[in-house]
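Counting starts at 1 for both ligands and their atoms, in listed order. We number each residue from 1, following the sequence as shown.
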Amino acid sequence: MALFLDSANLQDVRRAAELGFVAGVTTNPTLVARAGLNGKQAVREILKIIDGSVFYQVTENSIDGRAAEAREVFDTAPERIHIKIPATLENFALAKRLTDEGIHCAMTAVYTAAQAYLAGQVGATYIAPYVHRITTHLGDGVGTIRDCAAVLQGTSTRIVAASLKSPDEVIAVIIAGAQDVTIPLDLILQLAEHDLSQQAIRDF
Ligand code: G3P
């Protein structure tokens with residue numbers, strides 16, 4: 001059960017590292033751009049700051065370009081890097097090629113249990129379903145996590161639930177069968193706090 005930071009902001013990564021219980025960092029091209037870095041630079045810096053897994057999303061336009069990009073980034077720290085690959089037909093084929101080479105592939109932008117099933121078939125290490133976005137666009141993000149967990153039973157593919165907006169949503173997806181979650185720093189901090197806890201500290 002791993003809790004990951006979803007950010008490429010190096011200050012956030014430092015804060016997460018200080019907490020000690022954050023198991024690594026997931027990035028995506030938007031988060032990297034927001035941090036004012038390029039993807040490979042971000043991965044290099046994050047690997048230095050925090051122990052654990054670091055997720056990097058491929059961005060090259062061509063399949064061969066994405067394959068080369070995945071190999072290059074994975075080779076910088078094979079025991080720690082997971083290559084995020086958006087869930088499309090050609091990318092499932094790419095993930096199969098890469099997993100056959102021993103590269104850890106995490107299928108991302110997952111919206112359906114059908115995509116989760118395919119991720120299991122290609123031997124992805126993770127799927128990253130976008131829970132809140134699924135609820136917004138398709139109706140039931142937590143229910144989709146439950147279905148993903150069912151179709152991945154018996155495989156080694158883990159669910160790292162992403163796009164989570166509240167502590168309640170985090171807990172709901174864990175109960176629904178997500179092994180891991182990835183969330184921004186502010187939500188990590190929110191998990192620890194409750195007004196009534198503060199009240200109890202004052203009372204006692
Ligand atoms: O890593 C991407 C995923 O976390 C999307 O999150 O909050 O943009 O829906 P959000």
Query raised in the report: Do you know which of Leu31, Ile183, Val181, Ile188 makes side chain to side chain contact (heavy atoms under 4.5 Å, CB included) with Asp6?
Result: Leu31
Query raised in the report: So which protein residues pack against ligand 1 under 4.0 Å, heavy atoms counted?
Result: Asp6, Asn28, Lys84, Tyr130, Arg133, Ala162, Ser163, Lys165
Query raised in the report: Around Phe92, counting heavy atoms of other residues, nucleotides and ligands shown, do more than 12 lie under 6.0 Å from its CZ?
Result: yes
**Report entry** Among Glu72, Glu69, Lys40, Lys84, side-chain hydrogen bond (donor to acceptor under 3.5 Å, both in side chains) partner for Tyr56
**Finding:** Glu69
Requested in this report: Say whether Arg14 and Gln11, considering side chains only, have a donor N or O and an acceptor N or O under 3.5 Å apart.
Outcome: no
Query raised in the report: Side chain of Arg80, backbone of Leu47: donor and acceptor closer than 3.5 Å?
Result: yes
Report task. Please check if the side chain of Thr99 supplies one atom and the backbone of Val122 the other of a donor-acceptor pair under 3.5 Å. Result -> yes
